[in-house]
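Position 1 is the first residue of the sequence; numbering continues from there.
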Amino acid sequence: MADPLQISFAGIFACSAFAACFAEICTIPLDTAKVRLQLQKRVPIGDSTAAPKYRGLLGTLTTIAKEEGFFALWNGVVPGLHRQFLYGGLRVGLYQPVKAFISGTNSADIPLFYKVLAALLTGAIAIIVANPTDLVKVRLQAEGKLPVGVARRYSGALQAYYSIVKQEGVGALWTGLGPNIARNAVVNAAELASYDQVKETILKIPGFTDNVLTHILAGLGAGFFAVCIGSPIDVVKSRMMGDSVYKGTIDCFFKTLKTEQGLLAFYKGFLPNFSRLGLWNVIMFLTLEQVKRVFFY
């Protein structure tokens, strides 16, 4: 059996990119619902506010499917796959070598601090490369049912890349990079470090082995920590990418805080976010472990 610590970067990149893309296809409807809920704003009508269009995870999924068609739930899947191939491949592929470099050892049993630091660094590096794909994904997911006669901004992922560069400049592809780096570095640390730590802890419990059950439990733990820590940053990131009215990260944060229901606004879409991230992490890590077993063990 091959030592998992000795699998090449290319091998881990390929396995993790495949696993991340598979998880993306399975869970993007939940991500689309999350984005719609995060972008939904309170609309004042006199002394009151209009009833929100989207209510809860199932309500949002049902509304989108009813108004726009079932496959609208997969809006943004193409740039989503672009993103997962680059981001998913890089963040996992770089994690082990970076962890070994900063800790000075290839041992699996190292302090949690080094795991968190390595995941923060690889998450930041990976999203700098993948930010344009994230931007296009959010833009496509944000478009709901339009009035009759109103054309969509983008006809597809490739046209969206071209249109954004032509109309807004190349730099626009990195809109929201600040909160995106913060969000993905933090979420990546929560996911990879917690998966690493939870799996290591479970394997020390008598009766547990490195099997599917362990991978599922560790994946759920990774998803839970990721959404609890990353949700506020994720809301700011989605709003900046989905709407150009914000001048920057701080402006978006305070406008959201002022016009919405306080700090709770930063946990909009929490349930679909956890449903998505929890399921996504289970599918991704489970697939990753199985693919590594097939090709390297």
Side-chain angles (χ1 to χ4, degrees), residues 17 20-41 52-88 127 130-168 172-176 179-180 183-184 187 227 230-231 234-245 268-280 283-284:
C21 287
F22 180 67
E24 184 76 4
I25 292 171
C26 293
T27 62
I28 199 169
L30 298 174
D31 192 52
T32 298
K34 178 208 73 174
V35 169
R36 294 288 180 90
L37 285 167
Q38 288 178 336
L39 294 179
Q40 184 168 248
K41 301 175 184 177
K53 180 178 181 179
Y54 303 115
R55 290 179 178 271
L57 173 60
L58 294 178
T60 303
L61 292 170
T62 302
T63 299
I64 295 171
K66 183 178 179 180
E67 291 187 351
E68 305 166 45
F70 179 71
F71 290 105
L73 294 170
W74 275 266
N75 280 350
V77 69
V78 173
L81 293 176
H82 295 166
R83 177 188 186 276
Q84 292 303 341
F85 180 82
L86 290 173
Y87 177 70
I127 202 58
N131 196 83
T133 64
D134 212 7
L135 174 73
V136 170
K137 175 188 172 185
V138 170
R139 293 271 181 104
L140 290 176
Q141 287 178 314
E143 289 199 332
K145 185 179 181 180
L146 301 175
V148 176
V150 177
R152 291 188 174 277
R153 286 190 297 173
Y154 312 114
S155 60
L158 295 180
Q159 190 273 332
Y161 288 120
Y162 175 77
S163 179
I164 291 169
V165 171
K166 183 178 180 180
Q167 296 175 11
E168 305 173 45
L173 291 172
W174 278 269
T175 297
N180 215 12
R183 185 257 181 191
N184 284 281
V187 169
V227 74
S231 192
D234 194 38
V235 170
V236 173
K237 184 267 295 186
S238 291
R239 292 203 167 190
M240 287 186 66
M241 289 184 166
D243 197 331
S244 59
V245 301
K268 275 191 171 183
F270 183 87
L271 179 59
N273 203 7
F274 174 63
S275 300
R276 194 255 178 176
L277 267 181
L279 182 59
W280 192 94
I283 294 173
M284 198 284 285

Hey, what do you get for [atom1] ([X]) to [atom2] ([Y]), rounding to the nearest 0.5 Å?
X    : Y    : atom1 : atom2 : value
L279 : F274 : CG    : CZ    : 10.0 Å
N75  : I28  : CG    : CD1   : 8.0 Å
L140 : W74  : CG    : CH2   : 16.0 Å

Search all heavy atoms of [X] against all heavy atoms of [Y] and return the closest pair with its distance.
X    : Y    : result
P79  : A157 : CD-CB, 3.5 Å
P29  : L61  : O-CD2, 3.3 Å
C26  : I283 : CB-CD1, 3.7 Å
V236 : P179 : CG1-CB, 4.2 Å
T63  : Y54  : CG2-CE2, 3.8 Å
L57  : A33  : CD1-CB, 4.1 Å

Show me the side-chain donor-acceptor pairs of residues 130-137 shorter than 3.5 Å, one per line, residues at least two apart or across chains.
from: N131; atom 1: OD1; to: N180; atom 2: ND2; distance (Å): 2.7
from: N131; atom 1: ND2; to: L173; atom 2: O; distance (Å): 2.9
from: N131; atom 1: ND2; to: T175; atom 2: O; distance (Å): 3.4
from: T133; atom 1: OG1; to: A130; atom 2: O; distance (Å): 2.5
from: D134; atom 1: OD1; to: R83; atom 2: NE; distance (Å): 3.1
from: D134; atom 1: OD2; to: R83; atom 2: NE; distance (Å): 3.4
from: D134; atom 1: OD2; to: N180; atom 2: ND2; distance (Å): 3.1
from: K137; atom 1: NZ; to: E24; atom 2: OE2; distance (Å): 2.9
from: K137; atom 1: NZ; to: D31; atom 2: OD2; distance (Å): 2.9

Checklist entry - Got I164 and Y154 here, is their nearest side-chain heavy-atom distance under 4.5 Å? => result yes
Checklist entry - Any donor and acceptor pair, going by atom type alone, linking the side chain of S163 with main-chain N or O of Q159 inside 3.5 Å? => result no
Next on the checklist: Does E168 form a salt bridge (Lys or Arg N to Asp or Glu O under 4.0 Å) with R153? I'd like the steps, not just the answer.
Outcome noted: CA-CA 13 Å; E168 305 173 45; R153 286 190 297 173; 5.7 Å; no
Checklist entry - Less than 4.0 Å between a side-chain N and a carboxylate O, is that true for E67 and R36? => result no
Checklist entry - For residues 154-166, which residue pairs qualify under salt bridge (Lys or Arg N to Asp or Glu O under 4.0 Å), counting only residues two or more places apart or in two chains? => result none
Checklist outcome for this item: side-chain contact (heavy atoms from CB on, under 4.5 Å) test vs T60 passes for just one of L58, I64, T62, namely I64
